[in-house]
4 protein chains.
Amino acid sequence: MTEKQELILSVALNLFAKQGFAATPTSQIAKEAQVSEGLIFRHFGSKEGLLQAILEEGQARVQAMVNSIAEETDPRRIITRVIDLPVQLIEQEREFWGLQFALKYSQKILPSKQQDTSVIALTKALYQAFDTLGYDYPDKETEFLMIFLEGLSSAMLTQDIQVNSLVRFVKVKYDLVQAQSSKKTQLQKV
Amino acid sequence: MTEKQELILSVALNLFAKQGFAATPTSQIAKEAQVSEGLIFRHFGSKEGLLQAILEEGQARVQAMVNSIAEETDPRRIITRVIDLPVQLIEQEREFWGLQFALKYSQKILPSKQQDTSVIALTKALYQAFDTLGYDYPDKETEFLMIFLEGLSSAMLTQDIQVNSLVRFVKVKYDLVQAQSSKKTQLQKV
Amino acid sequence: MTEKQELILSVALNLFAKQGFAATPTSQIAKEAQVSEGLIFRHFGSKEGLLQAILEEGQARVQAMVNSIAEETDPRRIITRVIDLPVQLIEQEREFWGLQFALKYSQKILPSKQQDTSVIALTKALYQAFDTLGYDYPDKETEFLMIFLEGLSSAMLTQDIQVNSLVRFVKVKYDLVQAQSSKKTQLQKV
Amino acid sequence: MTEKQELILSVALNLFAKQGFAATPTSQIAKEAQVSEGLIFRHFGSKEGLLQAILEEGQARVQAMVNSIAEETDPRRIITRVIDLPVQLIEQEREFWGLQFALKYSQKILPSKQQDTSVIALTKALYQAFDTLGYDYPDKETEFLMIFLEGLSSAMLTQDIQVNSLVRFVKVKYDLVQAQSSKKTQLQKV
DNA sequence: TATGAATGAGTGTTCATTCAT
DNA sequence: GATGAATGAACACTCATTCAT
């Protein structure tokens, strides 16, 4: 991966995230990266190929974090880290994840099996954690949490929310940290 | 709103949902609606105007349901109906909501104040419900549930999930229905 | 076929014949026809489609002449008219035939069954003429003449030849006209 | 002419013949010859220069054969060999001649004086042969035969014809071989 | 109201050619 | 000699939009 290739990738991610994939002409990428337009096609074959390269680079980083979580043994720690994951990812690479979400609904991308792999690994780890902790419906519990986290990611990207206090609130729900007050919630462990 | 206008709107929604807004040429809409391309512009001014019209028509229907929920007085009933709302909406108008989600991330959305209005009304209703029921952090509880429901909507649109059992699971968590088994969950009411 | 369509067709034939199909950009056709480039694609779908339209228009005219020959009954008259055909065609529409020949070798065109049809009809008519006249190998005789005429067409398009005297010479060979001198050729009727 | 130069020439001839000159990118030639694209330009200066080199190499081979014919003294033998020439050339180097014909009509040809030279030499030899044999219009006779042979070459390249029997038929016409049957043709020696 | 011919700015992509190494 | 990254000028084609009828 040459220097210019990295440059193109980074400029393209910027623009795709800001303007959307379809709305970003390759000519603009070339201009802002100060390379010829042809170079994009020499290296990535097509605009779509460029997008793939961006996604693959990002997915590699996700996979590393997911693997690290899957290796944990303490169930509480697994759940905690899964809850923290979207916040970390999005804070580190907000643009990448904005693009990722935009693509999910745009009929453009078959989510590159790697993403599926991450999600599956995460799901499995969560399930075992809930199971170990004696939750009665660990599968539903897992599904519930995963869906919430998808919503959370989406909200972080599109709204102004106070993530930290919300995350803490969730962790209290799952008994991962002490509530600051002594009061209990009414939410039940099903 | 003449017959042809309705026809254009309906064909356009179909195509936008299936192919995406940017990827659907007005020529295709015209052909499938069997009207001339010029007519679209005479009626809706621009392609963007056509999109607005679709969105507004849909929002009107949402607003009606939201208002009906906001008029409820029983807090449990409010929460129940809020939880049921996304399922109802998406089952009734899956195409419309697919488009709505696609737009949300596509930098395209001029968020049509009406949508905000609905969300605000819903948020307020939920907050009062949780407050009435004595939840300690009704604001966080509201935020949590709203975000979960956003995730749920998204999951319904992009994955194959068993909504009914999941929704029931959630309702048990919020003590809105009896758990089928006698077991309790570990989730705490914060 | 609107006025502008005809205009495009005629300008395109001019340019294709002069510069070759591949070497003529649609932008140049548009500019010289003083229409927008998009109009070419609206009417003919693609550059290739434009070429097809040109060829079909020309083939229609050929077919008419061929049919007229095929209806002749006098064998001498048939042969005479077949010999005269390339000269007439090329003198009338030199550009069209230049294009036609260029295409034949350019791997671009499958010669549009209509052309085959004309050739077959001509071949059949010639065969019957030679047969009627008692030639021993009317099939070979036909093949020989057809191939000569192809060479003649080619020569008319690429060289400066005195067609008239050459054609007369050929007609004498086939005993269709009187030799101007009394001498005989040595060419044999096989 | 190094080994790599020959390799490039041969690959390029293959591709030009198969796909046409304009439709063959230098990148493809480089890839199939397993050399860098730059090397083509170092050796041949330009794509056009590459074509010239191919053409010249081929012409050299033609010239040799033509010279050999021109040195014949027996007029019958000259005519025979001229008739056989296209068959031999095309059977030996079909690709080269396919390219040659394609170029002839493609407005591309800078007719490489060498080709003219061959044709002129052939024409002169034929003329003398016909003259010696007492043909009344040796010039017309020559022109006629040359044009037929051009048609024959073209037909060999574009159609499926039985060349051998046709060539034999022609030779009988010119009284160069005995007809297989005893019948005579009606073709006259003008 | 309704048509559809016409526009023109833009899009992704190709390709012969150059040049630093 | 040989490479391959890099260029930039084209190219075919698309599409939202306009307008005369």
Side-chain angles (χ1 to χ4, degrees), chain A residues 2-5 8 21-31 33-51, chain B residues 2-5 8 21-31 33-51, chain C residues 2-5 7-8 21-31 33-50, chain D residues 2-5 8 21-31 33-51:
Chain A
T2 74
E3 217 173 306
K4 292 222 170 162
Q5 264 166 304
I8 292 171
F21 173 76
T24 302
T26 51
S27 60
Q28 191 187 6
I29 299 170
K31 188 184 289 178
Q34 291 185 319
V35 298
S36 70
E37 204 176 346
L39 193 57
I40 295 174
F41 292 89
R42 181 186 223 309
H43 284 316
F44 304 102
S46 67
K47 193 186 177 188
E48 202 102 13
L50 173 59
L51 178 59
Chain B
T2 74
E3 218 173 305
K4 287 207 175 174
Q5 266 166 303
I8 292 171
F21 173 76
T24 302
T26 50
S27 61
Q28 191 186 5
I29 299 168
K31 188 186 292 177
Q34 293 184 320
V35 298
S36 72
E37 211 175 340
L39 194 57
I40 295 175
F41 289 86
R42 166 168 272 294
H43 283 316
F44 303 101
S46 68
K47 194 186 175 187
E48 203 103 11
L50 174 58
L51 178 59
Chain C
T2 73
E3 216 173 305
K4 292 220 171 164
Q5 264 167 303
L7 178 61
I8 292 170
F21 174 76
T24 303
T26 50
S27 60
Q28 190 187 7
I29 299 170
K31 188 185 290 179
Q34 291 184 319
V35 297
S36 69
E37 204 175 344
L39 193 58
I40 295 174
F41 293 88
R42 181 186 223 310
H43 283 316
F44 304 102
S46 67
K47 194 186 175 187
E48 201 102 12
L50 173 59
Chain D
T2 75
E3 218 173 304
K4 286 204 175 173
Q5 268 166 303
I8 292 170
F21 174 77
T24 301
T26 51
S27 61
Q28 191 187 6
I29 298 169
K31 188 187 292 177
Q34 292 185 321
V35 297
S36 71
E37 211 175 342
L39 194 58
I40 295 175
F41 289 86
R42 168 168 271 295
H43 283 317
F44 303 101
S46 69
K47 193 185 175 188
E48 203 102 12
L50 174 58
L51 178 60

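In what follows, chains carry the letters A, B, and so on, assigned in the order in which the sequence lines appear, proteins first and then strands, with residues in each chain numbered from 1. The figures here come from the full heavy-atom set of this structure, side chains too, leaving out hydrogens, waters and symmetry mates.
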Legend entry - Candidate nucleotides dC15(F), dC13(F), dT17(F), ranked by approach to the side chain of Pro25(B) - the nearest: dC15(F)
Inset, instruction - Take the protein atom CD of Glu3(A) and the nucleotide atom P of dA6(F), then report the distance between them rounded to whole Å. - result: 9 Å
Inset, instruction - Just compare dT3(F), dA6(F), dT1(E) and give me whichever is closest to any side-chain atom of Arg42(B). - result: dT1(E)
Inset, instruction - Give Thr2(D) one of three labels, base, sugar-phosphate or nothing, depending on what nucleic acid heavy atoms sit under 4.0 Å from its own. - result: nothing
Legend entry - Rounded distance in Å - NZ (Lys31(D)) to P (dT3(F)): 15 Å
Legend entry - Residue Leu39(C), side-chain heavy atoms: nucleotide from dA16(F), dG4(F), dA6(E) that is nearest: dA6(E)
Legend entry - Gap between atoms CD and P, on Gln28(A) and dG10(E) respectively (whole Å): 12 Å
Legend entry - Closest nucleotide among dT3(E), dA12(F), dT17(F) to the Thr26(B) side chain: dT17(F)
Inset, instruction - Sort out the partner of dA20(F) for me: Watson-Crick or G-U wobble, both distances under 3.5 Å, none otherwise. - result: dT3(E)
Inset, instruction - Go through dA12(F), dT7(E), dA16(F) for me and flag the one nearest to the Ser36(C) side chain. - result: dT7(E)
Legend entry - Rounded distance (Å) that lies between atom C1' of dA6(E) and atom CZ of Phe41(B): 14 Å
Legend entry - Rounded distance in Å - CD1 (Ile8(C)) to P (dA6(E)): 8 Å
Inset, instruction - Could you let me know what dC15(F) is paired to, Watson-Crick or G-U wobble, both distances under 3.5 Å, or none if it's on its own? - result: dG8(E)
Legend entry - Pairing partner of dA10(F) (Watson-Crick or G-U wobble, both distances under 3.5 Å): dT13(E)
Inset, instruction - Rounded off to whole Å, could you give me the CD1-to-P distance for the Ile40(C) and dA5(E) pair? - result: 16 Å
Legend entry - Per Ser46(C) side chain, nearest of listed nucleotides dG4(F), dT3(F), dC13(F): dC13(F)
Inset, instruction - Using the closest heavy atom to pick a nucleotide of DNA chain E for each, name whichever of Ser27(A) or His43(C) lands nearer the 5' end. - result: His43(C)
Inset, instruction - Find which nucleotide of DNA chain E each of Gly38(D) and Lys4(C) is nearest to by heavy atoms, and output the residue with the more 5' nucleotide. - result: Lys4(C)
Legend entry - Rounded interatomic separation in angstrom, taking NZ from Lys47(D) and C1' from dT18(E): 17 Å
